[in-house]
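Structure first, commentary second.
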Amino acid sequence: MLEPAIRVTRLTKRYKTVLAVSALDFEVARGSVTALLGGNGAGKTTTLSMIMGLVLPTSGTIEVLGQDMVRHRYRVLPRMNFSSPYVELPRSLTVKENLAVFGRLYGIPDRAETCARLAEELDLVRFLKRPTGSLSAGEKTRVMLAKSLLNQPELLLLDEPTASLDPDSADWIRRYLQNYTRQSGATVLMASHNMFEVERICDDVMVMREGKIEHRGTPAELIRQFGRDTLEEVYLDIHRRDGDLRAAQ
Ligand code: ATP
């Protein structure tokens, strides 16, 4: 039996006075598409950033694909990647240059072919010669996604993968991600505010609040548990109940 793609134990991150992530324990199964939900400031981006090795935990452990992420991140970084609207690619480089630079950084053997294929698949061909900083937010999201797929990652961490995309592009990206995971068997952990997206492409959902996971299950399990019709309604139930609890304190 393979170890899980991700295993975090007592994972905690404190930024001075803010406890962003508080003693999290969870596993993400290989080949699953798991969503991390929660209101603004719940700790989703901080959790993803620690798993990627971009932010150091205050305490706790993170294992990715069987490796300790704090001690041996360089063993596992080539097998994973991430895409986030909060991390910018070098703005003055053209899209083509950015893909080439990251391709070289990742040491992909057939770099030119891979960059050309991803540019084609993610509809970037007409932007290849444009400075990345001059693209619209939605266009940048697609470039970032292409960057994150250059090394054919076994683990893909996505922060709001369809942020700023128009409905048609968002739908197209969701289908692309579904195909990618089906064909490659890759694991995806994604933060999202889009419940329709989560219901459609995720098979496991974790709901965070104040740095902790409060609910977990498949979209269908959560919908059944809350007696609702959609994940959007479940999310609003949780969020409003939390608001009422806070108001009563
Ligand atoms: P959103 O949905 O708004 O993106 P999130 O769930 O991703 O929110 P995080 O960005 O992880 O939340 O933030 C969790 C908490 O940590 C918030 O209270 C935030 O203000 C705080 N925080 C995040 N990064 C920093 C930082 N670099 N310095 C100080 N506090 C931070």
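First listed ligand is number 1; within each ligand, the first listed atom is number 1.
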If every non-hydrogen atom of Asn151 is compared with every non-hydrogen atom of Ser148, which pair is closest and at what distance? OD1-O, 3.7 Å
Using the test salt bridge (charged side-chain N to carboxylate O under 4.0 Å, His left out), find all partners of Arg10 that sit at least two apart in sequence or belong to another chain. none
Could you give all pairs that pass the ring pair (Phe, Tyr, Trp, His ring centres under 6.0 Å) test and reach residues 174-225, with sequence neighbours left out? Trp172-Tyr176, His215-Phe226
Hydrogens and angles aside, do Glu197 and Ser192 bring a side-chain donor and acceptor to less than 3.5 Å of each other? yes
When you look for protein heavy atoms under 4.0 Å from ligand 1, which residues do they belong to? Tyr15, Val18, Ala20, Gly39, Asn40, Gly41, Ala42, Gly43, Lys44, Thr45, Thr46, Tyr86, His193
Arg91: salt bridge (charged side-chain N to carboxylate O under 4.0 Å, His left out) partners, not counting sequence neighbours: Glu88
Just by distance, with hydrogens left out, do Thr12 and Ser22 show a side-chain donor and acceptor under 3.5 Å apart? no
